[in-house]
Protein chains: 2
Amino acid sequence: MRDIGTPESPSGFVEIFNGLIELTVPQMFALGIRVVELREGHVVGTAPIEGNGNHFGSMYAGTLFGLAEMLGGALFVPSFDAERFYPVVKAMEIVYLRPAMTDIRAAASLDPETIRRLQREAKDDGRAEFVLDVVITDTRDQPVAKTSATYQIRSH
Amino acid sequence: MRDIGTPESPSGFVEIFNGLIELTVPQMFALGIRVVELREGHVVGTAPIEGNGNHFGSMYAGTLFGLAEMLGGALFVPSFDAERFYPVVKAMEIVYLRPAMTDIRAAASLDPETIRRLQREAKDDGRAEFVLDVVITDTRDQPVAKTSATYQIRSH
């Protein structure tokens, strides 16, 4: 099959995943949370300050949480068969480092060995677990929050 | 001053706080997060399953987070002078126990001694910190998530 995507979004994963959010988790989509890069083992997401301000003009704590939480679900898409498996978040911790006054950005990666292990465990055991540690940054590249989340991949 | 409120909402704190959310954190309001009881040292909040479903028909993880996170800010209202102080969330951990398939509810309390300590520290040091441990339940009173969050009260 010819790959019609770009290096940031091979096979159109970015468009597929943002479309999935809009359709199936509209409240996340309404927070402005989007992926901007998505390929096997790597995802970058963003959320805008516009519409997400709080009582201090900085970003609502829940939008920062939502951006980082989404990354684990996005990494599922290029590496797993959605007809057999689905991802869930089991736990997440967020530490707010400074007020986010701009758009925010966060990246997460899984190395090829980890992906292969998860694929094998999901196939053999019906579930597999992974942890993502993420730093959320503002447009000046300053860290505004850090998170650690545990996800499970489960068979339907 | 005659108190025009109810036992669940003396001085109209419930209406005041929900109005504050709508005005100043519209993204939280859009998630359907509301207080239903608010008095000194005690708050109860809810969020609806309707409009908050995800890809499995259970509630979006971010809405569960947002409900519990809000409680610390709500407890600030009856006990602190908003012209001198404001609340911020410093860190929060959430553990998802089972999918939330119904409306959700969560309560949090601060005892009178703790409130007096926080008021004294905020006045003397310009900041004061407290931790809230919360269990989120569904309409069958089953726990669906538990959280622990650290808040700071700071002077403007």
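Keep in mind the model is a prediction, meaning the values are calculated, not measured. Throughout, a chain's letter reflects where its sequence line sits, starting with A, and its residues are numbered from 1.
- For B:A145, the side-chain contact (heavy atoms from CB on, under 4.5 Å) criterion is met by B:L64, B:I94, B:Y96, B:I136, not counting sequence neighbours.
- With respect to chain B, the highest number of heavy-atom pairs below 4.5 Å among A:G66, A:G62, A:A61 belongs to A:A61.
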Exercise for review: Give the intermediate values and the outcome of ring-ring contact (aromatic ring centres under 6.0 Å, His included) for residues B:F80 and B:F76.
Suggested key: CA-CA 6 Å; B:F80 293 88; B:F76 168 88; 5.4 Å; yes
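- Put simply, of B:E93, B:M70, B:Q27, B:E69, the one with the most heavy-atom pairs under 4.5 Å next to chain A is B:Q27.
- Using a cut-off of 4.0 Å between Lys/Arg side-chain N and Asp/Glu carboxylate O, A:E129 and A:R127 are scored as not salt-bridged.
- Contacts between A:L97 and chain B at a heavy-atom distance below 4.5 Å are absent for every atom of the residue.
- No part of B:L67 comes within reach of chain A, as not one of its non-hydrogen atoms sits under 4.5 angstrom from that chain.
- For the residue pair A:S9 and A:E15, a side-chain donor N or O sits within less than 3.5 Å of a side-chain acceptor on the partner.
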